[in-house]
Amino acid sequence: MLQNLRELYRYGELLKNMTVKELRVRYKESALGFFWSLFTPILNMAVYTLVFSLVLKIGLPHYPVFLLAGIFPWQFFQTSIATGCVSIVHNGNLVKKVYFPLEILPLSIVLANFVNFLLSLLVYFGLVLVSGVGIHLSILALPLILLVQMALTTGLTLLVAVYTVYFRDIEHFLGVLLFALFYGTPIIFTLSQIGQYARQYAFLFELNPLTPIITAYQDVLYFGRFPDWGAFGLTALVAIAVLVLGYHVFNKHKGFLPEEV
Amino acid sequence: MTHKYAIEVTHVAKKFRLYHERSHSLKQLLLLKRKNLYEDFWVLQDISFKVEPGSTVALVGGNGSGKSTMLKMIARILKPNKGSIRTNGRVSALLELGAGFQQDYTGRENVFLNGSILGLSTKETRRRFDDIVGFSELEKFIDTPVRNYSSGMYMRLAFSIAINVDPDILLIDEVLAVGDEAFQRKCFDKILSFKQQGKTILFVSHDPYAVRRLCERAVLLDRGKMAMIGSADAVLNQYRSLLSDRYSAGGSEGVDNPYYNRFGSRQAEITGVSLLNGSGEETEVIQNGEETVIQFGVKVHREINNPVFGCIIRKEEEGSLKDVYNTNTLWQNRPTGSFSAGDEFVVQFVQPMNLGAGIYYISPAVASQDGSVFYDWQDNIRSFHVSDDGTWRGVSNLRSRILIK
């Protein structure tokens with residue numbers, strides 16, 4: 001593993017270049033560029049606000065701000081997995097013809113989405129100041145939360161990128177799974193609301209390793225309080241384990257991926 | 001201290017999985033036992049050879065001999081299933097030019113992206129940038145997106161990047177067969193200068209002229225096994241006799257080019273296709289203008305009267321084939337006679353090969369008197385190269401005499 005990491009380090013510039021390429025290709029020739037990636041979450045936010053705050057009357061002040069605190073990190077997670085899973089199979093020609101550490105393909109996708117996410121957080125801070133929700137001391141915990149989500153997302157993306165080479169169905173299956181997972185994560189409502197209104201299903205949300213991460217974002221960005229360190233710490237351990245597992249599985253298979261693509 | 005070889009291949013074997021159906025989905029996995037999904041096929045078995053630093057070695061062998069797979073393993077793209085491969089120094093592989101080019105990037109941006117794919121740091125690429133652009137002769141277009149490049153410009157840029165990686169070991173897989181003749185020659189010269197600088201070159205080719213000019217030694221692979229290792233001349237001779245045995249044995253067994261197709265009623269059957277050069281030797285490479293015999297055996301199964309014998313020559317261009325010459329006994333108004341079941345004979349098409357450099361395919365056919373029923377048509381059964389003498393360019397040699405009056 002150490003040898004693989006050392007090689008990845010040597011190819012650091014390729015990782016950087018591929019990440020930049022990802023970002024550039026995504027927004028090529030569109031005048032609004034990056035703002036398109038804000039458009040989807042903001043549109044989602046508008047719809048959910050309409051449904052859940054006006055129709056169903058979820059009693060949260062500044063509900064749109066709350067929504068975005070969960071939707072932005074969710075979008076980072078969801079897009080990384082969905083596009084990362086085909087990162088090897090869609091680059092078949094490159095993979096078969098040139099030697100380089102293949103993990104660069106999924107990693108560059110995660111990194112590009114992460115950059116996107118950081119930019120959308122800047123927009124979020126603007127919104128927070130305008131709306132009067134404000135920024136609190138708890139913001140200091142944000143880098144840690146970002147790191148843990150990054151670890152979980154990277155590990156999972158590496159796993160799906162490898163297995164999609166062997167089973168192309170995973171791409172389609174993931175679409176359905178991610179759709180379900182969105183509603184299995186407290187994004188449009190809080191975890192305590194689940195406990196209040198649907199106690200019997202609360203365990204499902206608690207099993208989801210994304211729950212403490214998204215909740216932590218909402219805590220530090222919206223509620224202005226530090227996260228529940230117990231639940232978050234446990235998720236952090238899971239995230240690290242997934243990252244190590246993902247990297248290990250990827251390296252075990254990567255020598256044989258070019259002939260399977 | 002032990003001697004350090006540039007490349008050391010020890011008892012290497014490689015298997016591929018041949019999937020019965022190309023799509024391997026979860027459904028299949030659930031419905032079938034996994035072992036029914038594929039068969040293992042050994043493309044290479046027990047390959048060992050060593051390459052001295054500074055030497056130029058050719059890897060020779062027919063289609064499907066495993067030479068490209070061997071090269072990919074040395075380039076670390078594929079992993080051997082058995083044995084080991086050791087390389088000593090920076091390796092650069094010219095397997096496919098322009099893999100990883102971004103259509104929307106300018107030439108300049110692609111130089112940096114492709115450089116980093118090939119393992120160069122930005123600093124290293126910057127230092128080589130002028131050489132790369134200079135060699136490609138694309139100074140004027142370097143800030144144009146490559147999607148606007150012609151295929152020739154694209155190849156030129158890609159080759160320039162790959163060759164300027166400045167490797168200690170260069171692996172070349174017949175890339176010289178692409179691009180126009182002028183650029184091919186330039187690439188060849190660049191590779192020669194590499195050789196003069198004392199770099200190690202491993203060269204996969206079935207062009208004996210190029211092999212003789214570049215290489216002292218050669219390794220012959222035959223259907224995945226080591227057939228011979230020795231001086232380039234000796235190996236090429238062995239390769240030629242191997243080819244001639246193979247093709248005169250006849251049949252379509254072992255034909256594995258993607259263009260091959262066979263149809264017909266088999267009232268008469270084509271049994272073997274040979275390509276003979278001016279000295280009557282079996283070959284895969286014809287010097288432009290050389291007297292060439294395309295020869296095929298015919299075995300008659302049911303009586304036929306005045307059959308038509310034909311042959312089409314097609315040229316490979318950017319992944320597809322184009323007819324360049326087509327003739328038959330019907331068009332030439334040449335009666336052929338009657339044959340009864342059990343007759344065996346040979347048909348020869350004799351012509352000077354006045355075609356431009358490139359890869360060509362032969363399609364022999366036997367048909368009924370009026371050409372309405374095909375007895376046996378072996379479409380694109382085998383390929384050959386034409387190499388030129390450098391005095392002209394184009395598709396066909398008109399043998400111009402240039403007079404100044």
Side-chain angles (χ1 to χ4, degrees), chain A residues 3-4 7-30 88-102 104-105 108 160 163-174 176-177 251-261, chain B residues 14-19 22-30 34 37-38 43 68-69 72-81 87 91-105 109-110 112-125 145 147 158 162 171 173 175:
Chain A
Q3 206 184 341
N4 284 317
E7 181 170 44
L8 183 60
Y9 177 75
R10 276 202 292 114
Y11 276 86
E13 299 214 33
L14 176 59
L15 183 56
K16 191 191 87 190
N17 289 343
M18 293 298 267
T19 305
V20 171
K21 187 214 89 187
E22 273 309 314
L23 287 166
R24 281 190 49 182
V25 168
R26 190 172 312 169
Y27 305 125
K28 64 173 176 190
E29 288 173 10
S30 59
I88 306 281
V89 287
H90 284 184
N91 281 295
N93 196 35
L94 187 58
V95 167
K96 281 171 192 250
K97 301 292 180 183
V98 190
Y99 175 81
F100 63 98
L102 294 183
I104 282 183
L105 295 171
S108 64
V160 294
Y163 287 118
T164 305
V165 173
Y166 296 98
F167 309 108
R168 306 286 161 99
D169 296 36
I170 288 177
E171 180 188 357
H172 307 289
F173 175 66
L174 272 178
V176 181
L177 189 72
N251 278 311
K252 211 179 88 189
H253 286 277
K254 80 173 167 187
F256 298 102
L257 295 180
E259 62 202 75
E260 297 281 352
V261 166
Chain B
K14 178 72 195 168
K15 71 176 173 199
F16 281 147
R17 280 177 181 179
L18 294 179
Y19 288 89
R22 189 57 208 138
S23 66
H24 26 139
S25 60
L26 282 173
K27 189 178 123 205
Q28 282 176 313
L29 186 78
L30 297 175
R34 197 161 161 74
L37 288 174
Y38 59 82
V43 265
S68 295
T69 305
K72 281 187 175 180
M73 285 196 290
I74 297 171
R76 296 204 295 163
I77 298 166
L78 298 178
K79 235 174 156 172
N81 296 93
T87 53
V91 179
S92 177
L94 299 181
L95 294 180
E96 187 172 285
L97 295 174
F101 266 30
Q102 285 300 312
Q103 296 298 314
D104 293 309
Y105 271 33
E109 291 164 335
N110 267 308
F112 282 94
L113 180 62
N114 215 246
S116 63
I117 290 175
L118 299 177
L120 292 181
S121 68
T122 309
K123 215 167 84 189
E124 286 172 307
T125 309
R147 89 176 100 86
L171 311 175
D173 190 6
V175 274

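Remember, predicted model here, so these are calculated numbers, not experimental data.
- B/E109 touches chain A through its side chain: at least one heavy atom from C-beta onward sits under 4.5 Å away, while N, CA, C and O do not.
- The candidate with the highest count of non-hydrogen atom pairs below 4.5 Å against chain B, out of A/N17, A/L102, A/V95, is A/N17.
- Nearest approach of A/K97 to B/L95, heavy atoms of both residues: O-CD1, 3.6 Å.
- At least one donor-acceptor pair under 3.5 Å links the side chain of A/E13 to the backbone N or O of B/T122.
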Requested in this report: Take A/Y99 and B/I74 through the test side-chain contact (heavy atoms from CB on, under 4.5 Å) and record every step on the way to the result.
Outcome: CA-CA 10 Å; A/Y99 175 81; B/I74 297 171; over 6 Å; no

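- The minimum heavy-atom distance linking A/P258 with B/L78 is given by the pair CB-CD2, 3.8 Å.
- When all heavy atoms are compared, the tightest approach of A/V20 to B/Y105 is C-OH, 4.1 Å.
- Heavy-atom pairs under 4.5 Å with chain A were tallied for B/A75, B/S92, B/S121, B/A93; the largest tally goes to B/S121.
- For B/F101, no part lies near chain A; criterion is any non-hydrogen pair under 4.5 Å.
- Interface remark: A/E171 contributes no atoms to any contact with chain B (heavy atom separation under 4.5 Å).
- There is no contact between A/K254 and chain B, counting heavy-atom distances below 4.5 Å.
- Proximity of B/I77 to A/E259: side-chain heavy atoms (C-beta onward) are nowhere separated by under 4.5 Å.
- Rounding to the nearest 0.5 Å gives a distance of 9.5 Å between CZ of A/R24 and CG of B/L113.
- With chain B as the partner, the residue from A/N91, A/L257, A/V98 showing the most heavy-atom pairs under 4.5 Å is A/V98.
- Put simply, OG on B/S116 and CE on A/M18 are 8.0 Å apart, with the number rounded to the nearest 0.5 Å.
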